[in-house]
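Remarks on the structure that follows.
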Amino acid sequence: MGITKLADLIRGDAPGSITYKEIGDYTGKIIALDTSIIVNQFRSAVPNLTLSLLGVFYRTLTFLEHDIKPVFVFDGDPPEQKRAVLEKRAQSAGWSSSQRSHTVSSKTREVLRLLQLLGVPCVQAPGDAEAFCAQLVRSGAVDAVASEDMDTLAFGGTVLLRQLNAKRVSEVTEYSLPKLLEILQLTQKEFVDLCILLGCDYCDKIAGLGPSRALKLIQQHRTIEDVMLNINRKTHPVPVGWQYQAARRLFLDSPGSEPPPLQWSEPNEKELVNFLCQEKHLREEKVTKDGDGGVRQNLSPQEEGERGEKKGRRQTDESGRILSCDTEKTVCRSRRIHRQKATED
DNA sequence: ACTCTGCCTCAAGACGTT
DNA sequence: TTGAGGCAGAGT
DNA sequence: AACGTCC
C-alpha cells in the first residue's frame with residue numbers, strides 16, 4: 001500500500017518539506033483519518049477484535065482530549081484499477097474476496113457504531129478513502145490528513161501527518177505538499193508521474209527504476225511519456241499493457257463528491273458504556289469514569305467546520321453521512337486525565 | 001561508485017504497574 | 001499479514 | 001524502560 005519508498009525519497013531529497021511536531025500542536029484543528037488504516041493497525045497489533053475496538057476508542061479519546069476534531073473517512077467502492085491488487089492480497093491471505101468484504105463490513109459496522117457514539121463525524125468516500133481525505137484537506141474542509149501511507153500526497157493532499165498518535169514529543173511528522181513540490185521543482189502532475197514510477201497500488205512499475213533514477217528522470221523529462229523515450233527499453237522494459245494513464249487519472253481527478261457537512265457532538269456516554277460493556281463485555285472501569293467529572297471544554301458542539309453547515313444538533317442519515325449523538329455527559333477517562341494534569345502541573 | 005532488488009528479521013496498540 | 005531497516009549481490 | 005494485561 002502507498003507509494004513505494006516515497007517517504008525515503010522525501011527524507012533524502014526534500015527534508016525541508018518535513019516538520020516535526022507533537023500532537024498538542026494540532027489543538028483546534030480538523031483532521032481527516034482513513035478509517036481502514038486505523039482499524040487494520042489495531043487488527044494486526046492485537047489478535048482480538050474487541051480489543052481493536054478498544055484501541056479505536058482510546059485513540060479517538062486522545063484526539064478529543066487534545067481538542068482535535070477528527071473526521072473518520074470510510075472506504076467506498078474501490079476503483080477498478082485497485083481491484084487487481086486487492087484480489088492478489090486476498091488470495092495470498094487465503095481468503096476469497098467475497099468472504100473478505102463481508103467480514104470487513106461487519107467489522108466496520110461496529111467501528112462506525114462506536115464512532116457515532118463518540119460523537120465524531122463519519123463520512124463515506126465515493127471511492128478510495130485516501131483520495132477523499134486528500135480532497136478534504138485540499139478544499140480546506142479539514143486542516144490535515146493523518147495517515148500512515150503516502151498516497152495522500154499523490155492525491156493532492158496538502159498536509160499529511162504521520163505518527164500522529166506518537167507518545168513522545170517531536171515524533172509527529174508533517175509533510176507539506178506545496179513545499180515538497182517547490183523543493184523538488186515539480187508540478188503536481190509531474191509528481192504524480194514520479195509516484196507511478198516509484199510504484200503505487202494502481203499499476204505496475206518499470207523494473208530497474210528505483211527512487212533515485214525515477215526522480216532524476218522526471219525532473220529532466222517531466223512526463224512518463226518522455227521518460228519512456230529516454231531510457232533503454234532493453235534494460236528497462238515497459239510493462240506490457242501498462243495502465244499508467246489510468247493510474248494518473250485516478251490520482252489527478254477529484255472524487256467529485258462534495259465535502260459533507262461535518263458536525264461534532266458530545267459522546268453519548270450512556271450508550272457508549274452499554275455498547276462496550278454490555279455488548280462487548282469490556283470491563284467497565286476501562287470505559288467509564290468514576291464520578292461525574294467536569295464537562296470538557298474541548299467538546300463544545302457549537303464549533304464546527306468552517307466550511308459551512310451551521311448548527312443542528314440533529315442526527316442522522318442512515319446512508320452513511322454524518323451521524324451524531326447528543327449528550328450532556330462527559331466522556332470517561334476525562335476525570336483521570338484532569339487529575340493527571342493537575343498533579344503534573 | 002551508485003542504484004536497484006531480494007532476502008532476511010522484526011514489530012506492529014494503548015494502558016497501568018513496577 | 002504488511003512495512004521498514006540492514007545487508008548481500010547483480011546490474012548500470 | 002520493561003513488562004503484563006486487555007478479552
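Reminder, nothing fancy here: chain letters follow the sequence lines and each chain counts from 1.
Residue-level contact check: A:T235 touches the backbone only, with heavy atoms under 4.0 Å from sugar-phosphate atoms and none from bases. Counting any heavy atom pair closer than 4.0 Å across all strands shown, A:K205 reaches sugar-phosphate atoms only and no base atom. A:N165 comes within 4.0 angstrom of the backbone, heavy atoms only, and of no base. A:L282 comes within contact range of the sugar-phosphate backbone alone, with a heavy-atom separation under 4.0 Å but no base atom that close.
Using P as the reference atom, B:dA12 and D:dG4 are 15 Å apart when rounded to the nearest Å. C:dT1 and B:dC15 have their C1' atoms separated by 25 Å, given to the nearest Å.
In this model, the phosphate group of C:dA4 is approached by a side-chain N or O of A:R162 to a distance below 4.0 Å at OP1 or OP2. At C:dT1, none of the side-chain N or O atoms of A:R43 fall inside 4.0 Å of OP1 or OP2 (strictly under the cut-off). Dashed line: the shortest gap from a side-chain N or O of A:K216 to OP1 or OP2 of B:dT3 is under 4.0 Å. Side-chain N/O atoms of A:Q41 include one lying less than 4.0 angstrom from OP1 or OP2 on B:dG13. OP1 or OP2 of B:dT3 lies within a sub-4.0 Å distance of a side-chain N or O belonging to A:S212. Side-chain nitrogen and oxygen atoms of A:R213 include none within less than 4.0 Å of the OP1 or OP2 phosphate oxygen of C:dT12.
For A:R283, counting side-chain heavy atoms from C-beta on, the closest listed nucleotide (B:dC15, D:dC7, B:dC4) is D:dC7.
Consecutive Watson-Crick or G-U pairing (both distances under 3.5 Å) extending over three or more pairs maps onto DNA chain C as B:1-4 with C:9-12, B:6-12 with C:1-7.
The pair A:E225-A:R248 meets the salt-bridge criterion, since a charged nitrogen lies less than 4.0 angstrom from a carboxylate oxygen.
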Donor-acceptor pairs are to be reported for all side-chain atoms of residues 148-161 of chain A against protein atoms at under 3.5 Å, with residues two or more places apart or in another chain.
from: A:E148; atom 1: OE2; to: A:Q163; atom 2: N; distance (Å): 3.2
from: A:D149; atom 1: OD1; to: A:D151; atom 2: N; distance (Å): 3.0
from: A:T152; atom 1: OG1; to: A:E130; atom 2: OE1; distance (Å): 2.3

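At distances below 3.5 Å, at least one donor-acceptor pair connects side-chain atoms of A:D75 with backbone N or O atoms of A:A129. With hydrogens and angles disregarded, no donor-acceptor distance shorter than 3.5 Å links the side chain of A:Q278 to the backbone of A:L276. For A:E284 (side chain) and A:C277 (main-chain N/O), no donor-acceptor pair under 3.5 Å exists by modelled atom type.
The shortest non-hydrogen separation linking A:V71 to A:I30 is CG2-CG2, 3.8 Å.
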